[in-house]
Amino acid sequence: MATTAQCMSTSLIDSKAVARQSASATSPQCVSLPSLPPLPVQPQNRVWKATGYCRKLARNVAAMATGEAPAEAATTDVTELIKPIQEAWDKVEDKYAVSSLAVSGAVLLWGSTGMISAIDRLPLIPGVLELVGIGYTGWFAYKNLVYKPDREALIEKIKCTYKDIIGSN
C-alpha cells in the first residue's frame, strides 16, 4: 500500500509566511521549516572602497617587487651558502655511500616520527614514558652534577669523547 503524503509548505505573500496544509500533513514524516528572510542589500559605495584599497595595495606591492637591491642580496646569500656545500661534495670520495646514508637517514627520521606519533596515541604509554624520562633526568643530575668531583669527571669524559670523534691532529 503506497500512500503519498504532502508535507506542509510555506509561500511568501506580502512578506508574511502563509502555511498551506494538506489532510495528511500532520504525519510524523513531514517537517516544515520557515522560509529564510531576504538577503540585505549592500550599498555600492562599500564595494568601491574595497576595490580602491586593493588597487592601492597592489601598486605598493608592485613597486616593492621591482627593486633590484634585494634580488642581488638574495643571489649573493645563496651562492655563499651553496659554494661550501659544493666544495665539501667534491672532496667526498665515495659519493654513492654518502648519498645512500643521507637517504636512509631521511627514511629513518620519517619512520621514527610515525612510530612516535603512534606511541603517543596509546592510552597509558606517554605518561609512563614521561615519568621514566623525569626519573632518569633526576638520577643523572644526582649522579653526575651535584658534587664537584663527579662534574669534573663528566666534563673530562665529554672532552675525551669529543677528541675521539673529531680526532686529534
Side-chain angles (χ1 to χ4, degrees), residues 28-29 31 33-169:
Q29 297 172 348
V31 176
L33 296 174
S35 60
L36 294 174
L39 292 173
V41 178
Q42 294 183 355
Q44 294 294 331
N45 190 15
R46 189 176 199 182
V47 174
W48 180 79
K49 286 181 182 178
T51 57
Y53 177 73
C54 291
R55 285 185 196 138
K56 288 179 185 176
L57 184 64
R59 277 186 275 169
N60 289 342
V61 171
M64 292 173 64
T66 59
E68 293 183 24
E72 290 174 1
T75 54
T76 58
D77 290 343
V78 171
T79 57
E80 290 175 5
L81 181 66
I82 292 176
K83 193 173 184 178
I85 295 173
Q86 286 177 343
E87 290 174 0
W89 184 251
D90 290 337
K91 290 179 184 177
V92 172
E93 292 178 12
D94 195 5
K95 293 179 181 171
Y96 178 74
V98 171
S99 59
S100 62
L101 279 174
V103 169
S104 63
V107 169
L108 183 67
L109 182 67
W110 178 71
S112 65
T113 57
M115 183 181 66
I116 289 172
S117 66
I119 289 173
D120 196 33
R121 283 185 242 134
L122 294 173
L124 194 60
I125 302 297
V128 171
L129 289 177
E130 187 173 350
L131 287 175
V132 167
I134 290 171
Y136 181 77
T137 302
W139 174 81
F140 181 83
Y142 176 74
K143 184 82 173 158
N144 296 312
L145 302 176
V146 174
Y147 301 109
K148 187 173 182 175
D150 295 333
R151 279 193 305 262
E152 291 173 353
L154 178 65
I155 291 170
E156 188 62 37
K157 186 175 181 181
I158 291 172
K159 286 180 181 178
C160 183
T161 305
Y162 179 76
K163 286 180 183 178
D164 288 344
I165 292 172
I166 299 300
S168 57
N169 291 330

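Index from 1, following the sequence.
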Task: Approximate separation, where rounding is to 0.5 Å, of Ile119 CD1 and Ser112 OG - done: 10.0 Å
Task: Approximate separation, where rounding is to 0.5 Å, of Met115 CE and Thr113 OG1 - done: 9.5 Å
Considering only distance and modelled atom types, tabulate donor-acceptor pairs under 3.5 Å from the side chains of residues 127-154, sequence neighbours left out.
residue : atom : partner : partner atom : Å
Thr137  : OG1  : Gly133  : O            : 2.8
Arg151  : NH1  : Leu145  : O            : 2.9
Arg151  : NH1  : Val146  : O            : 3.2

TODO: State the CG-OG distance between Asp94 and Ser100, to the nearest 0.5 angstrom.
DONE: 7.5 Å
